[in-house]
Every structure is written in C-alpha cells, then in structure tokens.
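Just so you know, ligand 1 is whichever comes first in the structure, and atom 1 is the first atom listed for that ligand. We count residues from 1, following the sequence as given.
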Amino acid sequence: MCVFCKIANHEIPSNAVYEDNQVLAFLDINPVTKGHTLIIPKKHYDNFLDCDSETVKHIHTIAKQLTLHYQLVLKPNGFNLLSNMNGAAGQSVFHVHFHLIPRYDENDGLVLLFNHDDSVQYTKAELNQLILK
Ligand code: AMP
Ligand code: ZN
C-alpha cells in the first residue's frame, strides 16, 4: 500500500484540513509555503492520467473551496494548483495528488520557471494533431 493510501486510511497521521468519503486534503510534510496542502482521492490512482473524470471533478471542487477558505485565513497574494505526472514532471509519490500552494511573493519557497524555448516550432500537421476533437 502506498504512503498516501496509508494516510487516507489513517494508518499514517497527517494534518488533515478536509475529509469526505472520496477525498482527503492534508498539509504537506515539507511545505514550500505556509498552507502548502495536498489534495488526494482516497482511492489509489498512480497519477492524474489514470484518475477517473468524476474524481477529478470532485478534487477540483474541494480545491476551489479550500482556496477560498485559505484566502480568508492565510491572506496570501496568490495560489498555485498543480499536479506532477510521472518522474519527468517531478512526481515522487505515485498516488494522484494536487498541490495547493498559497503564494506570498516571488521570493517565497516555490520557484516555478517557465523558460521560453526558442527551438519549439510547430508544423501545420502538428498543430492539427494537437486539436482535441
Ligand atoms: P510530488 O513530488 O508532486 O510527488 O509531491 C509529493 C509531496 O508529498 C511532496 O511535496 C512531499 O513533501 C509530500 N509528502 C511525502 N510524504 C508525505 C507525508 N507522509 N505527509 C505529508 N506529505 C508528504
Ligand atoms: Zn495510494
């Protein structure tokens, strides 16, 4: 059983901030900012790619409610909501989770760089291939 399944089953303690039958939200053990929270389905899926759409919907409903709640109690200046999928994207725990990260300023604990890659080009065929039909 994976570490987040154990947290969902209350076999490993966590600082839970929300719980229902399907979802648990708890504070990250190594927070990058105050309020850094993980939102997980109780059912195991390796990552977002495997997760069913109803669960994805419910996780995002809870994420929105928690964001509004944290806005009131933590008064950050922004938020990041993100999910790492697979090792190449930095996933280290293979049970789907969304990081909800309150942001205070650009020099807080999260460094998220979007380096523009000039070499990225698209052919017409590639652009067409990317359209979800
Ligand atoms: P990721 O790299 O997206 O897979 O993120 C995994 C996150 O899980 C990291 O931010 C860890 O700090 C966090 N984490 C790992 N174990 C625990 C735990 N027992 N309780 C709370 N957070 C954890
Ligand atoms: Zn699991």
Side-chain angles (χ1 to χ4, degrees):
M1 192 187 280
C2 90
V3 63
F4 285 1
C5 281
K6 286 182 181 162
I7 288 175
N9 285 340
H10 301 284
E11 289 171 30
I12 291 179
S14 72
N15 286 306
V17 293
Y18 175 83
E19 181 168 13
D20 64 28
N21 287 339
Q22 297 166 59
V23 162
L24 180 71
F26 55 97
L27 298 181
D28 195 293
I29 204 165
N30 290 312
V32 294
T33 68
K34 192 168 201 172
H36 180 181
T37 297
L38 302 174
I39 306 164
I40 66 167
K42 289 187 170 177
K43 188 169 172 205
H44 182 96
Y45 301 91
D46 280 357
N47 66 33
F48 184 74
L49 298 165
D50 306 322
C51 198
D52 73 86
S53 297
E54 275 310 307
T55 303
V56 167
K57 216 156 117 183
H58 188 53
I59 286 174
H60 282 84
T61 300
I62 301 311
K64 174 76 189 288
Q65 289 175 6
L66 258 181
T67 305
L68 291 171
H69 177 59
Y70 283 0
Q71 183 67 51
L72 290 176
V73 295
L74 294 171
K75 300 185 173 41
N77 294 310
F79 291 91
N80 290 99
L81 178 65
L82 59 93
S83 189
N84 299 325
M85 295 166 218
N86 288 336
Q91 185 176 8
S92 62
V93 176
F94 288 81
H95 178 129
V96 63
H97 54 281
F98 280 79
H99 295 258
L100 174 61
I101 305 171
R103 300 301 305 274
Y104 299 92
D105 61 57
E106 289 170 347
N107 300 314
D108 64 20
L110 181 62
V111 179
L112 199 57
L113 285 178
F114 286 81
N115 283 330
H116 175 204
D117 182 350
D118 286 331
S119 70
V120 177
Q121 307 275 343
Y122 300 100
T123 63
K124 278 200 169 155
E126 284 172 331
L127 285 174
N128 199 39
Q129 194 181 37
L130 292 178
I131 295 169
L132 180 66
K133 289 162 189 155

Asks: With a 4.0 angstrom cut-off on heavy atoms, strictly below it, pick out the residues next to ligand 1 and order them by chain and number.
Replies: Phe4, Ile7, Phe26, Leu27, Asp28, Ile29, Asn30, Leu38, Asn84, Gly90, Gln91, Ser92, Val93, His97, His99
Asks: The Zn ion (ligand 2): which protein N, O or S atoms are under 2.8 Å away?
Replies: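 The answer, once waters are left aside, is Cys2 SG, Cys5 SG, His44 ND1, His95 ND1.
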Asks: Show, in sequence, the C-alpha distance, side-chain angles and deciding distance for Leu110 and His99, and conclude whether the side-chain contact (heavy atoms from CB on, under 4.5 Å) test is met.
Replies: CA-CA 11 Å; Leu110 181 62; His99 295 258; over 6 Å; no
Asks: Taking the side chain as C-beta and beyond, is there a heavy-atom pair between Lys133 and Asn128 under 4.5 Å?
Replies: yes
Asks: Hey, are the side chains of Lys42 and Glu19 touching, using non-hydrogen atoms and a 4.5 Å cut-off?
Replies: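 Contact flag for Lys42/Glu19 side chains = yes.
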Asks: Would Thr55 and Lys43 count as a side-chain contact (heavy atoms from CB on, under 4.5 Å) if you check the C-alpha gap in whole Å, the side-chain angles of each, and the deciding distance to 0.1 Å?
Replies: CA-CA 9 Å; Thr55 303; Lys43 188 169 172 205; over 6 Å; no
Asks: Going through the checks in order, is the side-chain contact (heavy atoms from CB on, under 4.5 Å) test met by Met1 and Glu11?
Replies: CA-CA 11 Å; Met1 192 187 280; Glu11 289 171 30; 3.9 Å; yes
Asks: How is the hydrophobic cluster of Tyr104 composed, in terms of its other members, when Ile, Leu, Val, Met, Phe, Trp and Tyr link through side-chain heavy atoms under 4.5 Å apart, directly or indirectly?
Replies: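 Answer for Tyr104: Val17, Tyr18, Val23, Leu27, Ile39, Tyr45, Phe48, Leu49, Val56, Ile59, Ile62, Leu66, Tyr70, Val73, Leu74, Phe79, Leu81, Met85, Val96, Phe98, Leu100.
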Asks: Which residues, ordered by chain and number, are linked to Leu68 in its hydrophobic cluster, where ILVMFWY side chains connect at heavy-atom gaps below 4.5 Å, directly or through other members?
Replies: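 None, because no other hydrophobic side chain comes under 4.5 Å of this residue.
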Asks: How are the rings of His97 and Phe4 set relative to one another: parallel (under 30°), tilted (30 to 60°) or perpendicular (over 60°)?
Replies: perpendicular
Asks: Which heavy atom in Asp105 sits nearest to a heavy atom in Asn107, and how many Å separate them?
Replies: OD1-N, 2.7 Å
